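Just so it is clear, the model here is predicted, and its values are computed rather than measured.
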Amino acid sequence: MSTIKSLKITTSRRQLLLTGLAALTLTGMSKALAREQSSALNTTTTHSKPKAKKPGAKRVVMLDPGHGGIDTGAIGHNGSKEKHVVLAIAKNVRALLRNHGIEAKLTRTGDHFIPLYDRVEIAHQHGADLFMSIHADGFTNPSAAGASVFALSNRGASSAMAKYLSERENAADELAGKAAKDKDHLLQQVLFDLVQTDTIKNSLTLGSHILRQIKPVHRLHSKATEQAAFVVLKSPSIPSVLVETSFITNPDEERLLGTPAFRQKIARAIADGVVSYFNWFDNQKAHAKRS
């Protein structure tokens, strides 16, 4: 009997230990999962706050050449790739802005892919005052032509073309798989506050300054700043626009985009628009102080 009792006690202790280990394991797994979910939320639902600027620091403009790497962007009839054309234009804009004493930076300097959400995050990490994504998109109809400027909208697209282009641009992350797409899916759940509403107003103003400079040198597809839910324009606090320099799917504009002269001309118009916006902004600020 004593042997049987000893076996029962040993068995009971073993079961108790196993039960305790199982509980500890489950608790550890639950905590790890909670940490993982918390980390995911922290990195995907909100952008970091823009880097604080020191008094007297240069203004920073983040230029974002669209597409890159596995994402070629639109392709013209003669094989021109949007990703190469817009990188060349962005580099021209950077040089021109630096001549004006503005610190211009690029989200990419070579042919590599960057998820849409991360492009905005790069602007925040550099404390950018403005964000501008540069494109030369395509359309199903090769007759579509001209330049356009877009700001963010939280009320739907301002036109059928704006809706088409935003859906096309937002689909870029599909090439990188589910992880990149999930970032914006969660981001879309963040409510727009008064800060972002004010940012959108400034983005619309920035767009109008750029269009005013482009108009004398190139045809406009849209005379006013359009709006749509472009992922890349979703910074809560940095005025952001997307510039469609031309339609690369239009044979005439594909030819123009392939020439250094046109790329420099459109870059100068964009840079002049940015300088004009900053002058306007400074005047508004000075006026507010006097009143």
(request) Tell me, with the steps shown, if M62 and T107 meet side chain to side chain contact (heavy atoms under 4.5 Å, CB included). (result) CA-CA 7 Å; M62 183 58 63; T107 55; 3.7 Å; yes

(request) For side chain to side chain contact (heavy atoms under 4.5 Å, CB included), just list the numbers for K234 and V120, CA-CA rounded to whole Å, side-chain angles, deciding distance to a tenth of an Å, and then say yes or no. (result) CA-CA 7 Å; K234 289 188 175 181; V120 184; 5.6 Å; no

(message) Could you walk me through whether D272 and R268 satisfy the side chain to side chain contact (heavy atoms under 4.5 Å, CB included) test, starting with their C-alpha distance in whole Å, then the side-chain angles of each, then the deciding distance to 0.1 Å, before giving a yes or no?
(response) CA-CA 6 Å; D272 288 346; R268 186 173 298 282; 3.7 Å; yes

(request) Mind running side chain to side chain contact (heavy atoms under 4.5 Å, CB included) on Y277 and N202 for me, showing each step along the way? (result) CA-CA 9 Å; Y277 169 80; N202 285 334; 3.4 Å; yes

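E253 places a side-chain N or O within 3.5 Å of a backbone atom of G146 that can act as its donor or acceptor partner. No donor-acceptor pair under 3.5 Å is formed between the side chain of D118 and the backbone N or O of E121. E244 contributes a side-chain N or O that, together with a main-chain N or O of D137, makes up a donor-acceptor pair within less than 3.5 Å.
Distance CG/D71 to CG/L116: 8.0 Å, rounded to 0.5 Å. Here the straight-line distance linking atom CG of L233 with atom OG of S153 works out to 10.5 Å at 0.5 Å rounding. Separating the NE2 atom in H84 from the CG atom in L257 is a distance of 13.5 Å, to the nearest 0.5 Å. To the nearest 0.5 Å, atoms OG (S246) and CZ (R255) are separated by 11.0 Å. To the nearest 0.5 Å, atom CG of residue L152 and atom OG of residue S240 are 8.0 Å apart. The distance from atom NZ of K105 to atom CG of D64, rounded to the nearest 0.5 Å, is 15.0 Å.
When side chains are defined from C-beta on, H135 does not count as touching F230, because their heavy atoms never get closer than 4.5 Å. Residues L130 and P239 have side chains in contact (heavy-atom distance under 4.5 Å, counting atoms from C-beta outward). Between I214 and L220 there is a side-chain heavy-atom pair separated by less than 4.5 Å. A 4.5 Å side-chain heavy-atom check between T205 and W280 finds at least one atom pair inside the cut-off.
Exactly one of L256, T245, V93, I89 qualifies for a side-chain contact (heavy atoms from CB on, under 4.5 Å) with R263. That residue is I89.
With sequence neighbours left out, the side-chain hydrogen bond (donor to acceptor under 3.5 Å, both in side chains) criterion links S276 to H209.
Checking S235 against H124 by side-chain atom types alone, a donor-acceptor pair falls below 3.5 Å. Remark: the H67 side chain and the E82 side chain contain an N/O donor-acceptor pair separated by less than 3.5 Å. Inspection of the E254 and S80 side chains reveals an N or O donor paired with an N or O acceptor under 3.5 Å.
In the displayed structure, H77 atom NE2 is contacted under 6.0 Å by at most 12 heavy atoms of other residues, nucleotides or ligands. Counting non-hydrogen atoms of neighbouring residues, nucleotides and ligands closer than 6.0 angstrom, the CZ atom of F139 exceeds 12 such neighbours.
Of all the heavy atoms in I114 and R108, the pair that sits closest is CD1-CB, 3.7 Å. The shortest non-hydrogen separation linking V274 to L206 is CA-CD1, 4.4 Å. Here the shortest heavy-atom pairing between L63 and A104 reads CD1-CB, 4.2 Å. In terms of heavy atoms, G138 sits closest to T249 at CA-OG1, 3.2 Å. Pairing each heavy atom of D111 with each of G69, the nearest pair is OD1-N, 2.7 Å. Here the closest non-hydrogen pair linking S222 and L211 is O-CD2, 3.7 Å.
No path of Ile, Leu, Val, Met, Phe, Trp and Tyr side chains, each step under 4.5 Å between heavy atoms, connects I134 with I238, placing them in separate hydrophobic clusters. Neither L242 nor V85 shares a network with the other; the hydrophobic side chains, linked directly or stepwise wherever heavy atoms of I, L, V, M, F, W or Y lie under 4.5 Å apart, form separate groups for each. If you chain together hydrophobic residues whose side chains sit under 4.5 Å apart, I200 and F281 never meet in one group. There is a path of hydrophobic side-chain contacts, each under 4.5 Å, that joins I210 to I102. Follow the hydrophobic side-chain contacts under 4.5 Å out from F278 and you reach M132 in the same cluster.
Aromatic pair F262/H218: centroids less than 6.0 angstrom apart. Ring centroids of F247 and H221 are separated by less than 6.0 Å, placing the two rings close together.
Remark: R59 does not engage E103 in a salt bridge, criterion side-chain N to carboxylate O under 4.0 Å.
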